[in-house]
Structures are given as C-alpha cells and as structure tokens.
Undergrad: 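Please find one structure pasted underneath; my questions will follow.
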Number of protein chains: 2
Amino acid sequence: MAHNHEALLKNIKADMPADELLQDLGDLFKIFGDTTRIKIMYALYEDEMCVCAIADLLSMTQSAISHQLKALKAANLVSSRREGKTVYYRLADEHVKSIIAQGYEHITE
Amino acid sequence: MAHNHEALLKNIKADMPADELLQDLGDLFKIFGDTTRIKIMYALYEDEMCVCAIADLLSMTQSAISHQLKALKAANLVSSRREGKTVYYRLADEHVKSIIAQGYEHITE
DNA sequence: ATAACATATGAACGATTGCTCATATGTTCA
DNA sequence: TGAACATATGAGCAATCGTTCATATGTTAT
C-alpha cells in the first residue's frame, strides 16, 4: 500500500471513535436501512399503533411486522405497551424523527 | 387480519410519503448501515483523503475501499477529485455529518 | 377449561451484501 | 512507448437479511 501518510493517519486515528461505537452506529443505521421498517416508523410518526393495524396498513403479514418490530425495539427505536390482547407500538424518542428527517432532506434536495 | 382500523388507516395512508420515496430513504440509510462505510465517513469528517490513505487507516485492501467509495458516491454522500494519479474523496455535504451526529446521540445517551 | 383473538418466535429459504482476487483503466515519468 | 503507481471494476463466494410458514404465548370472555 501506497504513498506516505503516516503523519496524517496518526491524527485521524486519534480522532476516530472507538471501533465498538462505530460498529454500534452501523448497526443502528442498518435498522433504518429497510423500506418496511421505514414505513413502520413513518406510520408511528404521529401516534401509536397496534401490530395488526400496521400489518393492515402495509399489506403485510402480522408475522413479518412482528419480526421487524422486534428489531426496532432491540435498537430502542420503538417502545410498546400492552392493552388486553393488543400491543401498541410507538416511536421511542425524537431521534428517530430527526434521523429520518435528515435523510429525507438529503434525498429531496 | 384483525380488528377494525379503517378510519385510522385512511388518515395515515394519506400522510405517508410515496412508496418510491420511502424506498429511496431506506436505500440511503442502508449505506450508513455498514461499519466500513461509517469509518470512511468518519475519516473524511475533517478533511478529504485519498483512497490509499483510507485503506491504510482502516487496514483494508484498496479494492474493498474503492468498492465502498463507489457506493458512497452513488448515494451522493461523498464526492471526489483527481490530482494526478491520486483521487481524493470528501464528504458531499453537511447532511452526512448531521445524520451521523443524530445516530451518535441516539446510541450514547 | 376452552375457544377466539392478538402477538411473538424459531426454522428455513431465497435474495442481497461485502469482501477477495484478478485484471482493467488512468496518470506520470523516464 | 513502457514501467510504475493509484484507482476502478467484474465475478465469485461466504455471510447476513427479510420474508413465510407453522406454531407457541398471552389475554379475554363464555
């Protein structure tokens, strides 16, 4: 490999976050990187919704939605509450909206 | 599928962006959803860098980096300029930084 | 306790992804 | 022109991902 950048690299290496954090960051964005999950998050943009309503909205099976909600929950992007047989999901915090909003801006300019 | 949400769904459906846009949004975040590409973007956070310096920094092959830079460029997340044999890449705009910053905030709180 | 409903979950399968390897393209200098 | 260097690219392969299907779990009402 290549011409001389030792000095440059030393500085940049020092400024880079730890590998583990960068891995976590990648894992987080991976969750946003799927149309179904984006749709779910958009559906929850204004208000909470139960699983079967989301499935109905996206014309997908309850199982598929449930799997994706699990992924979203594991990444702390949604939270849920149970009311009888029904489980309602909602966006976990404002970061979800602002991340999506930034992405939206990027592609629509 | 499930109990009655017709009225609810009608409203939400009307508020959802077009399918094509949601697809594009997912595709954009997919690019952020990989540790190597995140590292590349972080490396370019302060200043432009040539391909071989990035490869050196991440201890990866020139080919692997070049492939990823192509993906980043296709998503308009980086731009490049050639100077002789060397090609320098830089972040395309501020959205890249703000998207990463939002993600960073989400995982470090 | 049993039936009906809402949701969750594990296994499996096809599709996509990220890397490697070989090689092509572009540029400079002798 | 040819050699050396920097980058780009296509094919192939292992690993990961998103869905489906079957079934399990949790809840309510009879």
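Proteins come first, then strands; the chains are lettered A, B, ... in the order of their sequence lines, and each starts at number 1.
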Undergrad: Check the distance between D:dT16's P and B:Lys30's NZ and give it to me in whole angstrom.
TA: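 In whole Å, D:dT16 P and B:Lys30 NZ are 17 Å from each other.
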
Undergrad: Using whole Å, report how far CD1 of A:Ile40 lies from P of D:dG18.
TA: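 Going from CD1 in A:Ile40 over to P in D:dG18 covers 11 Å.
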
Undergrad: Return the value, rounded to whole Å, for the distance between atom CE of A:Met60 and atom P of D:dC21.
TA: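 Atom CE in A:Met60 sits about 12 Å away from atom P in D:dC21.
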
Undergrad: Side chain of B:Ser66, heavy atoms from C-beta onward: which of D:dT7, D:dG18, D:dT20 has the nearest atom to it?
TA: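 In terms of side-chain proximity for B:Ser66, the closest of D:dT7, D:dG18, D:dT20 is D:dT7.
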
Undergrad: Send over the distance from A:Phe29 CZ to D:dC17 P, rounded to a whole Å.
TA: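 Rounded to whole Å, this separation is 17 Å.
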
Undergrad: Whole-Å distance between D:dG18 P and A:Gln62 CD?
TA: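 That distance rounds to 18 Å.
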
Undergrad: Under a plain distance cut-off of 3.5 Å, with no hydrogens placed, do B:Thr36 and B:Gln68 share a side-chain donor-acceptor pair?
TA: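 No pair is found: no donor N or O on one side chain lies under 3.5 Å from an acceptor on the other.
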
Undergrad: For the side chain of B:Lys30 and the backbone of A:Asp34, is there at least one donor-acceptor N/O pair under 3.5 Å apart?
TA: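 Pair absent, no side-chain N/O of B:Lys30 close to backbone of A:Asp34.
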
Undergrad: Let me know the distance between CD of A:Glu48 and P of C:dT7, rounded to the nearest Å.
TA: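 After rounding, the gap between these two atoms is 12 Å.
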
Undergrad: Whether the side chain of B:Arg37 engages the backbone of B:Ile31 through a donor-acceptor N/O pair (distance < 3.5 Å, no angle test) should be reported.
TA: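 Indeed, once roles are kept as given, a pair shorter than 3.5 Å links the two residues.
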
Undergrad: Measuring only between side-chain heavy atoms, which start at C-beta, is A:Leu91 closer than 4.5 Å to A:Leu77?
TA: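 Not in contact.
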
Undergrad: Using the ring of each side chain (for Trp, its six-membered ring), is A:His95 parallel, tilted or perpendicular to B:His106, with breaks at 30° and 60°?
TA: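 It falls in the perpendicular class, over 60°.
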
Undergrad: Kindly state whether the pair A:His67 / D:dT19 counts as stacked, where counting means centroids closer than 5.5 Å and planes tilted less than 30° apart.
TA: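 By the stated criterion, A:His67 and D:dT19 do not stack.
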
Undergrad: Grab the NZ-P distance between B:Lys70 and C:dG18 for me, whole Å please.
TA: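 These atoms are roughly 14 Å apart.
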
Undergrad: Look at B:Thr61 and C:dT20 and indicate whether a side-chain polar atom (N or O) is within less than 4.0 Å of OP1 or OP2.
TA: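 B:Thr61 to C:dT20 OP1/OP2: side-chain N or O found under 4.0 Å.
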
Undergrad: Which whole-number value in Å describes the distance from B:Asp56 CG to D:dC5 P?
TA: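 Nearest whole value for this atom pair: 16 Å.
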
Undergrad: Answer yes or no: does a side-chain N or O of B:Gln68 lie under 4.0 Å from OP1 or OP2 of C:dC19?
TA: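 It does, given that an N or O in the side chain of B:Gln68 lies less than 4.0 Å from OP1 or OP2 of C:dC19.
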
Undergrad: Could you label the plane-to-plane angle of the B:Tyr42 and B:Tyr45 rings as parallel, tilted or perpendicular, counting under 30° as parallel and over 60° as perpendicular?
TA: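 B:Tyr42 and B:Tyr45: parallel rings.
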
Undergrad: May I ask you to evaluate whether A:Thr36 reaches the phosphate of D:dT19, defined as a side-chain N or O under 4.0 Å from OP1 or OP2?
TA: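 Yes.
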
Undergrad: Taking everything shown except A:Glu20 itself, do over 12 heavy atoms lie less than 6.0 Å from its CD?
TA: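 For A:Glu20, atom CD is not crowded (no more than 12 foreign heavy atoms under 6.0 Å).
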
Undergrad: By a strict heavy-atom criterion of less than 4.0 Å, which residues belonging to residues 78-92 of chain A are in contact with DNA chain D?
TA: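 Those residues are A:Arg82, A:Gly84, A:Lys85.
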
